[in-house]
Amino acid sequence: MIIASTIARILLGLMFFAAGLVPFIFASPPPQPGMAGIVNHALFASHWMLFVGFAQALMGIFYLSNRFVPVALIMTAAFLYNSFAFHLATSPMLLPLPILGTVLWLLIGLRYRALFAPIFAAKPALPGTVG
């Protein structure tokens with residue numbers, strides 16, 4: 001399981017680092033058909049993709065350096081949610097990308113599941129409180 005998690009961490013790191021560099025390399029989005037192209041054009045024209053690209057590259061660095069991986073897992077969950085929404089609404093043929101990302105994310109997340117267990121408690125104990 002450790003080997004699978006390590007491989008998944010490296011692959012997801014490469015995936016996010018490469019995706020994060022795209023807005024800094026291309027001045028305009030690579031052409032896409034239909035609604036995906038319209039949305040991508042708006043995100044690039046507003047420079048929103050620079051923020052997104054920076055966050056993706058940072059997550060990739062966290063995964064590749066094996067530092068702050070739990071932070072990267074939390075950030076990646078939000079990106080995967082948005083990626084599913086984007087691909088379901090605008091380009092369903094690229095839906096395998098967020099599915100692959102989710103599988104890799106789960107493989108990494110299983111290794112860190114004990115860190116996230118308190119988040120899923122219905123009534124978590126707050127530090128410094130009794131009872």
Side-chain angles (χ1 to χ4, degrees):
M1 185 63 184
I2 292 174
I3 294 172
S5 177
T6 301
I7 292 170
R9 181 179 51 78
I10 292 168
L11 289 174
L12 198 60
L14 290 171
M15 207 165 99
F16 271 98
F17 186 71
L21 293 180
V22 169
F24 298 101
I25 295 173
F26 298 105
S28 63
Q32 293 184 7
M35 188 60 70
I38 294 168
V39 172
N40 260 352
H41 178 74
L43 293 174
F44 271 82
S46 68
H47 303 292
W48 179 254
M49 286 306 291
L50 294 175
F51 167 76
V52 172
F54 175 76
Q56 287 177 323
L58 185 64
M59 287 186 300
I61 290 169
F62 286 167
Y63 285 126
L64 292 171
S65 68
N66 200 22
R67 301 282 188 250
F68 304 107
V69 174
V71 174
L73 285 167
I74 292 169
M75 292 170 66
T76 304
F79 273 89
L80 289 173
Y81 179 83
N82 284 315
S83 186
F84 271 108
F86 176 82
H87 289 294
L88 280 171
T90 64
S91 57
M93 68 183 191
L94 293 177
L95 199 54
L97 293 174
I99 291 172
L100 172 64
T102 301
V103 170
L104 295 173
W105 180 80
L106 285 170
L107 284 171
I108 301 164
L110 284 173
R111 193 164 175 199
Y112 292 90
R113 68 184 174 270
L115 292 174
F116 296 107
I119 294 173
F120 296 102
K123 293 190 99 182
L126 297 173
T129 60
V130 178

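Under the 4.5 Å side-chain criterion, counting only non-hydrogen atoms from C-beta, Phe86 is in contact with Ser91. Looking only at side-chain heavy atoms (C-beta outward), Phe68 and Ile61 stay at 4.5 Å or farther from each other.
Here the shortest heavy-atom pairing between Pro70 and Phe116 reads O-CZ, 3.7 Å. Here the closest heavy-atom approach between residue Ala72 and residue Tyr63 is recorded as O-OH, 3.2 Å. Between Met15 and Leu97, the shortest heavy-atom distance links the atoms CE-O, 4.3 Å. Closest approach of Ala77 to Trp105, counting heavy atoms only: CB-CZ2, 3.8 Å. Of all heavy-atom pairs between Pro98 and Ser83, the closest is CB-OG, 3.5 Å. Nearest heavy-atom pair across Leu107 and Ala8 is CB-CB, 3.8 Å.
Within a 6.0 Å radius of CE in Met93, no more than 12 heavy atoms belonging to other residues, nucleotides or ligands are found. More than 12 heavy atoms of other residues, nucleotides or ligands shown are found within 6.0 angstrom of CZ on Phe24. The number of heavy atoms from other shown groups lying within 6.0 Å of CD1 (Ile119) is above 12. Within 6.0 Å of CD1 on Ile25 lie more than 12 heavy atoms contributed by other residues, nucleotides or ligands.
The distance from atom CZ of Phe26 to atom CE of Met49, rounded to the nearest 0.5 Å, is 12.0 Å. The CG atom of Leu94 sits 7.0 Å away from atom CD of Gln32, with the distance rounded to the nearest 0.5 Å.
Tyr112 and Ser5 form no side-chain donor-acceptor contact under 3.5 Å, judged by distance and modelled atom types alone.
In this structure, the side chain of Arg113 engages the main chain of Leu110 through a donor-acceptor pair within 3.5 Å.
If you chain together hydrophobic residues whose side chains sit under 4.5 Å apart, Met35 and Trp48 fall into the same group. Phe62 and Leu14 fall within a single hydrophobic cluster, where Ile, Leu, Val, Met, Phe, Trp and Tyr side chains are chained together by heavy-atom contacts under 4.5 Å.
A side chain to side chain contact (heavy atoms under 4.5 Å, CB included) with Val69 holds for exactly one of Thr76, Ile108, Leu115; it is Ile108.
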